[in-house]
Amino acid sequence: SQQGEEDPQALSIQEGENATMNCSYKTSINNLQWYRQNSGRGLVHLILIRSNEREKHSGRLRVTLDTSKKSSSLLITASRAADTASYFCATDAKGAGANSKLTFGKGITLSVRP
Amino acid sequence: NAGVTQTPKFRVLKTGQSMTLLCAQDMNHEYMYWYRQDPGMGLRLIHYSVGEGTTAKGEVPDGYNVSRLKKQNFLLGLESAAPSQTSVYFCASSSDLTYPAGYTFGSGTRLTVV
């Protein structure tokens, strides 16, 4: 079963625009992570936000976490054609077996038009 | 380059054949994972290991076996391949889920069972 569900499933924007992707999850978490996957490649870790954090920045990436709503958002500012990829949220759930494995969502396909 | 190496990259099997996928990491990570990725399904955890000599079942373990005899290697076996196991398989490793670096993924093995 999927812990994280991303929204929208697909997003198409113009280069230079901002891209916002959302993730909702079901159970309490230790942390939430975002990954990028270029076509035909493995996933690459982008950013991790812990359950006691509300916002983190890394370059053009901004991640927010609202544990009361069990949701997170990933904002990519000033998008570039090279940002075209699939983006996944992944959660590290609290409880038995926690701190040992991530559960991934189904992903969002982002297309950035030149 | 340091990272996660998966072999082979591509394989075609006939129904009923067996094979082993090899994952090797040179980062001294404790945790290793096998995921499968299918269209529209995201990544689903097959098996994982929290240290040398340990293995545990993930979300979709049926039809697969794993072994972690050495810390740097994590093997995924298919004893009797079925068409439903046609997928892209990803191996990943991590030192600790609380560490901000997250998972490091291999480049994947594309398996087709005919």
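Side-chain atoms are counted along with the backbone in the values below, which use heavy atoms only and exclude waters and symmetry mates.
B:Trp34 and B:Val50 are assigned to two separate hydrophobic clusters, defined by single-linkage of ILVMFWY side chains at heavy-atom distances under 4.5 Å. Under the 4.5 Å side-chain heavy-atom criterion for grouping Ile, Leu, Val, Met, Phe, Trp and Tyr, A:Leu74 is connected to A:Leu110 within one hydrophobic cluster. Residues B:Leu111 and B:Tyr64 share a hydrophobic cluster, clusters being chains of Ile/Leu/Val/Met/Phe/Trp/Tyr side chains in contact below 4.5 Å.
Considering only heavy-atom pairs separated by less than 4.5 Å from chain A, the leading option among B:Cys91, B:Ala92, B:Gly108, B:Gly40 is B:Gly40.
Nearest heavy-atom pair across B:Tyr35 and A:Leu102 is OH-O, 2.7 Å. Pairing each heavy atom of A:Phe88 with each of B:Leu43, the nearest pair is CE2-CD1, 4.0 Å. Residues A:Tyr35 and B:Tyr103 come closest through the heavy atom pair OH-N, 2.8 Å.
To the nearest 0.5 Å, the span separating CZ on B:Phe105 from NE2 on A:His45 amounts to 10.0 Å. Atom NE2 of B:His47 and atom NZ of A:Lys101 lie 13.0 Å apart (nearest 0.5 Å).
Remark: B:Gln17 CD is packed, more than 12 non-hydrogen atoms of other residues, nucleotides or ligands lying under 6.0 Å away. No more than 12 heavy-atom neighbours from other residues, nucleotides or ligands sit within 6.0 angstrom of CZ on A:Arg80. When the shell of 6.0 Å around CD of A:Glu17 is examined, it contains more than 12 heavy atoms from other residues, nucleotides or ligands.
For A:Gln37, the part lying near chain B is the side chain, with the backbone staying farther off; criterion is any non-hydrogen pair under 4.5 Å. Interface remark: B:Gln37 contributes side-chain atoms only to the contact with chain A (heavy atom separation under 4.5 Å).
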